[in-house]
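To start, the structure under review is shown below, and the notes come after it.
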Amino acid sequence: MSYHFNEIEAKWQKYWAENQTFKAANPGEEGAEKPKYYVLDMFPYPSGAGLHVGHPLGYIASDIYARYKRHKGFNVMHPQGYDSFGLPAEQYAIQTGQHPAVTTAENIKTYRRQLDKIGFSFDWSREVRTSDPSYYKWTQWIFIQLFNSWYNKDTDKAEDISSLIAIFEKEGNINVNAEADDDVEQFSAEQWNAFSDEKQQKILLQYRLTFLSETEVNWCPALGTVLANDEIVNGVSERGGHPVERKKMKQWSMRISAYAQRLLDGLDKLDWPQPLKDSQTNWIGRSEGAMVSFAVIDGGNLPKINVFTTRPDTIFGVSFMTLAPEHELVSKITTEAQKEEVEAYVKATAKRSELDRMADVKTISGAFTGAYAEHPFTKEPIPIWIGDYVLAGYGTGAVMSVPCGDQRDYNFAKHFNIPIPNIFEGVDISKEAFTDKENTVITNSDFLNGLSYKKAMKTVIYEMEKRGFGYKKVNYRMRDAVFSRQRYWGEPFPVYYVDGLPQMIDEKYLPIKLPEVEKYLPTEDGKPPLGNAEVWAWCTETNQVVSNDKINNTTVFPLELNTMPGWAGSSQYFNRYMDPNNANEIFSQEAINYWQDVDLYIGGSEHATGHLLYSRFWQKFMFDKGLVPQDEFAKKLINQGMILGTSAFVYRVEWFYTRSVWGENNPEKVKKLPRKSELPDIYVSKSIFENIGRFYANYQNSDNSFLRQIDKKISELEKEYKIFESEGIGTISRSNNLAISPIHVDVSLVNSSDELDVKAFKKARIEYKNSKLLLEDGKYIVGREVEKMSKSKYNVVNPDAICEQYGADSLRLYEMFLGPLEQSKPWNTAGITGVHGFLKKLWKLYHTGKDGAFLVSENEPAAESFKTLHKTIKKVEEDIENFSFNTSVSTFMIAVNELTSQKCTSRAVLEPLIILISPYAPHIAEELWSKLGYNESISSAPFPKFEEKYLVESTKTYPISFNGKMRFTMELSLDLSKDEIEAAVMAHEKTKAQLAGRTPKKVIIVPGKIVNIVG
RNA sequence: GCUCGAGUGGUGGAAUUGGUAGACACGCUGGACUUAAAAUCCAGUGGACAGUAAUGUCCGUAUGGGUUCAAGUCCCAUCUCGAGUACCA
């Protein structure tokens, strides 16, 4: 009986689904007494294109691990669901008018069908979809929790807003140490109590962990929405590559900056890839320094200019100050004389997009405001400039410029002829700034003279704090995260507005469901798409969403028109999986205390600064609120590499026609210039292309035989299609220049030897139908190149087709066999025959009976078979623990090759062997397991135990090296002492031949390893 | 520019603490079976040189140095590729 993988795989997939084989037990259910293990894949967005073979790589790895852990006796949770809100569905809706919910549901169906075919051990009873109201109810709920919280720096955690109000009522905000907006005014208890309700609400907004504020945002006009920093790559939108500009808008933000230090510290205890941790560290961007205030001379009651600097030790080197053009003081301090210049400059920089600004970092620009600040120590006047090299978004948007110690300040000073005082001893600053901190001795700096960087830092901060114009400060690059999107297909906010102030809808009325709209575009007056909704107002009497025409601003109020960003739904989904159908709570405490956190998280590295940072932030918030027991949600994380496509190219010959007539005033009679599309194309095989190159001039006179052939083919076509026989004036001739263009061709038309299936090729597209092919050795050889897998490159390989042709087990094995999980690697379908052949051999190993009948014997296996089995157990177990799945596939191959040649049929070997293989190739394993006489699924069979005794050897084949080079091997007993080994080796005739009479200087013997003879 | 990662046959890759470089597979070559093809099975396959052959010699893990009895592995310098980041004061 041969290996019918299609039947076997369908049978077991059905069995698993019907028996809920992979349903994880929650507390109180049977199975929950086992230790828990939580394996999670990163939330997929169900795109319309479906899966290609690159997508399941991580899922296969996590599935192997999950199945392995079940064999090891764990209660394994391996859930899957969909991050189903998102831009592509909405863009598609805008184009076609189809409701995103409809297309999303279709896409999910496709995804599910594809995933099912690969035989994953997902617990589908836990599936969640972020766009499902029963799910986003809890996303809205978390938003409300954040709104009702503030960050207390004294306790270093988030607390309920009521505790803040209590402090305000008792002592105002003088002693409050909170993470809040920079511009909070100070007030006493009396003042607070006297404030209007509106004023109190506005003040509280400055403290809440999610808050509404006028902020500078990244506005993407093409997408009609704002974007978070992590959604912008190289100055353009991550999705679609559209330009982004800066704009001030009233937006919801998340006070993630409150957690900056904890997000940084938490990285230490995470078993995550170092590059990922590095990029989070980078993103958070902690720097230590000082905050220093500079008073504006004759500024009246203008606020002081605060600057953040990491080099307060260089304060005596300040020769000017620079403000970002957007800085709020710019308009207030600019003198009448400088007004025109400054305004022009501010206008010009506002127009420049992020991309422009980044593209020319070299151009130095700025303007003098005419105002001066007072140096806090020397009391000297310092000119205040503005310049776009100072970013509004970092620090305070202003810098004290020390041209001798900072290259940017130096360049600016040089450009505008500002003096560059030198405060470094014995350093030449005529060419560039001196930025070295370690070898610095300060001079020309009053009380800092003669001090090193470290000492000067301490001294100057002490002095500044004493005199009251500066203090030590830690600054973070990370900004608060913008949380509003001007999109339709996202979570609606549970928010309505009373007199322009946001009000939360009570939890018990959630979810606030996404309203229907006629158009998914922004409204004509520029409101977000929800502005098109007709039923989108909140009635505080009935607590329902009601028609907009009922808005009276006394009982019925307008609802928020923005929606939440993509990361909202994915920032707590891992916890929701623990209790996904709970309608009363986001999850029960019982469930979260059992499951705790994710033990293994697998996904792509592209989420480093988005999803993974936001999720950690929400987790810490949930931890502060006592809702989760762990303040990090995933102990171990692995980034799987990308699978690249191996594109195939055919080489199309391009030729051209010219016409001899010019200046003709009767265009109708002019002969029509033939177009190449009138003729079939000519394609040349790879080596012909390599011989000729991309361009060839004067080819008709060349004696290159390939060019002669091409010339002949073209002539034949011209005759056949009567190219020169059309009527008209003038002569048409063929140009003597030739070009050859590599064109992507579908990889499915190419075999493992890079030969094009010519018949299939001609059928594949109409334009190929009559094409002429110039072959080499009777074959058409295509070119190959490794590129990203994408539809436009015709190199996409669909897993369905692979499952159809080779089976899911082959696909799973092959994806693992390609190479280390973390590495990027090219896909080449040809290689799959190797693992497919292995599965056939494996099947055969259990079917050695008459006519291929199933056969296992109860005989005691040979010692060497036990040895094969146990070294396989050892290696595979180590490999899985180290996530080295590629090497275990090789190990299986070696084991099956050995057992086959040993003619092993013993149950005592074949039974444990199939358990070892089952995490990798579960379908064939289940089938063989049932043939071995079991009625239960193999999935919970205990993993075989490794026993050292089967591997004990009595001899070792020693490599005998001379001066480190292996010359021959010798089998020696492992019982021998060093001296005995040396005697045996020296007595060997080959040793004598190698030495040729010389006496060795030294003989190195490492028993059980190697012998090296030096001399 | 900065930070991190990686360079091993024709290809994907293996070599766990320095100890037989190229496991396992693809591809290729030759053979068996077949009218033929596919499938399957067997043998060979890093390069160069010598020999009818068994075999032997030399070279070989991006490049150049170094440490060591011994280096793909450790150290220094250089080159190339990839990823992230980008006026962060």
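Below, read A as the first sequence line, B as the second, and so on, with proteins coming before strands; counting in each chain starts at 1.
Picking from B:A14, B:C4, B:U20 the nucleotide with the shortest atom distance to the side chain of A:Pro820 gives B:A14. Comparing B:U17, B:A86, B:U20 against the side chain of A:Arg477 picks out B:A86 as the nearest. When the nucleotides B:A89, B:U16, B:U20 are ranked by their closest atom to the side chain of A:Lys956, B:U20 comes out on top. Out of B:C24, B:C4, B:U16, the shortest distance to the side chain of A:Asp278 is found at B:C4. Closest approach to the A:Lys825 side chain among B:U20, B:G13, B:A15 is made by B:G13 (side chain taken as heavy atoms from C-beta onward). In the set B:A23, B:G13, B:A89, the nucleotide with an atom closest to the side chain of A:Ile894 is B:A23. Ranking B:C24, B:G13, B:C88 by closeness to the A:Leu391 side chain, first place goes to B:C88. For A:Pro959, the side-chain atoms get nearest to B:U20 when compared with the rest of B:U20, B:A89, B:A25. Minimum atom distance to the side chain of A:Lys990 is reached by B:G56, of the listed B:A89, B:G56, B:C24.
Panel note: side chain A:Asn475, backbone A:Ser287; no donor-acceptor pair is recorded below 3.5 Å. Side-chain atoms of A:Gln823 never come within 3.5 Å of backbone atoms of A:Gly641 as a donor-acceptor pair (strictly under, hydrogens ignored).
Regarding A:Gln823, its CD atom lies at a distance of 10 Å from the P atom of B:U8, rounded to whole Å. Remark: P of B:A89 and CE of A:Met457 are 11 Å apart, rounded to the nearest angstrom. The CD-P distance, from A:Glu326 to B:C88, rounds to 16 Å in whole Å. Going from atom NZ of A:Lys1009 over to atom C1' of B:A15 covers 12 Å, rounded to whole Å. Spacing between atom CD of A:Gln274 and atom P of B:U3 amounts to 15 Å, rounded to whole angstrom units. Distance CD (A:Gln280) to P (B:U3): 20 Å, rounded to an integer number of Å. Put simply, NZ on A:Lys277 is 18 Å from C1' on B:A83, counting in whole angstrom units. In this structure, CD of A:Glu606 is placed 16 Å from C1' of B:G82, rounded to the nearest angstrom.
Nucleotides B:C74 and B:A14 place their P atoms 16 Å apart, quoted to the nearest Å. Spacing between B:C59 and B:G9 at atom C1', rounded to whole Å, works out to 14 Å. Comparing the P positions of B:C49 and B:G44 gives an interatomic distance of 22 Å, to the nearest angstrom. Look at the P atom in both B:G60 and B:G31: the space between them is 36 Å, to the nearest Å. Comparing the P positions of B:A62 and B:G13 gives an interatomic distance of 15 Å, to the nearest angstrom. Rounded to whole Å, the C1' atom of B:U68 lies 13 Å from the corresponding atom of B:U73. Rounded to whole Å, the separation between the P atoms of B:G64 and B:G72 comes to 14 Å. B:G66 sits 31 Å from B:G56 when the P atoms are compared, rounded to a whole Å.
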Between the protein and nucleotides 37-41 of chain B, list every N/O to N/O distance that falls short of 3.5 Å.
from: B:U40; atom 1: OP1; to: A:Lys840; atom 2: NZ; distance (Å): 3.4

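Under the 4.5 Å side-chain criterion, counting only non-hydrogen atoms from C-beta, A:Val390 is not in contact with A:Phe412.
Closest heavy-atom contact between A:Ile420 and A:Pro403: CG2-CB, 3.8 Å. Closest approach of A:Thr396 and A:Val307 over heavy atoms only: OG1-CA, 3.5 Å. Smallest separation of non-hydrogen atoms from A:Ala608 and A:Leu276: CB-CG, 4.1 Å. A pairwise comparison of heavy atoms in A:Met321 and A:Ala373 identifies SD-CB, 3.6 Å as the closest pair.
Counting any heavy atom pair closer than 4.0 Å across all strands shown, A:Asn897 reaches sugar-phosphate atoms only and no base atom. Among the protein residues, A:Lys874 comes within range of no part of the nucleic acid, since none of its heavy atoms lies under 4.0 Å from any strand. Within the nucleic acid shown, A:Gln407 has no heavy atom closer than 4.0 Å to any nucleic acid atom. Note on A:Thr891: nothing from the nucleic acid sits closer than 4.0 angstrom, heavy atoms only.
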Kindly list each side-chain donor-acceptor pair under 3.5 angstrom involving residues 313-320 of chain A, sequence neighbours excluded, with atom names and distances?
from: A:Asp313; atom 1: OD1; to: A:Arg311; atom 2: NE; distance (Å): 3.1
from: A:Asp313; atom 1: OD2; to: A:Arg311; atom 2: NE; distance (Å): 3.4
from: A:Asp313; atom 1: OD2; to: A:Arg311; atom 2: NH2; distance (Å): 3.1
from: A:Thr314; atom 1: OG1; to: A:Arg311; atom 2: O; distance (Å): 2.8
from: A:Ser319; atom 1: OG; to: A:Pro419; atom 2: O; distance (Å): 2.9

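Each of A:Ala398 and A:Ser824 lies near RNA chain B, and the nucleotide nearest A:Ser824 is the one positioned closer to the 5' end. Residue A:Ser605 is the one, among A:Phe308 and A:Ser605, whose nearest nucleotide of RNA chain B lies closer to the 5' end (criterion: closest heavy atom).
Here the options are A:Ile423, A:Asp409, A:Thr435, the test is side-chain contact (heavy atoms from CB on, under 4.5 Å), and the partner is A:Cys404; only A:Ile423 passes.
Legend: residues meeting side chain to side chain contact (heavy atoms under 4.5 Å, CB included) with A:Ala481, ordered by chain and number and at least two apart, are A:Met254, A:Ile256, A:Trp567, A:Tyr614. Qualifying side chain to side chain contact (heavy atoms under 4.5 Å, CB included) partners for A:Glu948, counting only residues two or more places apart in sequence or in other chains: A:Phe946, A:Leu951.
At B:U20, none of the side-chain N or O atoms of A:Ser961 fall inside 4.0 Å of OP1 or OP2 (strictly under the cut-off). The side chain of A:Asn282 contributes no N or O atom lying less than 4.0 Å from OP1 or OP2 of B:C4. Taking 4.0 angstrom as the limit, A:Asn886 places a side-chain polar atom (N or O) nearer than this to OP1 or OP2 of B:A14.
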| request: Take nucleotides 57-72 of chain B nucleotide by nucleotide from the 5' end and write B, S or -, depending on whether a protein heavy atom sits under 4.0 Å from the base, only from the sugar-phosphate, or from neither. | output: SSS---------BS--
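A:Lys840 NZ to A:Thr833 OG1: the interatomic distance, rounded to the nearest 0.5 Å, is 9.0 Å.
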| Taking only Watson-Crick and G-U wobble pairs with both distances under 3.5 Å, what dot-bracket line describes RNA chain B, where [ ] shows pairs that cross earlier ones and | shows pairs with another strand? | (((((((..(((......[....)))((((((.......))))))(((((....)))))..(((((..]....))))))))))))....
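The aromatic rings of A:Trp385 and A:Phe416 sit tilted relative to each other, their planes meeting at an angle between 30° and 60°.
Ion pair A:Lys867/A:Glu953 flagged as a salt bridge, since at least one NZ, NE, NH1 or NH2 atom sits closer than 4.0 Å to an Asp/Glu carboxylate oxygen.
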| side chain to side chain donor-acceptor pair (under 3.5 Å) assessment of A:Thr887 paired with A:Asp879 | CA-CA 7 Å; A:Thr887 48; A:Asp879 284 347; 3.0 Å; yes
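An anti orientation is assigned to B:G51, its glycosidic angle lying beyond 90° of 0.
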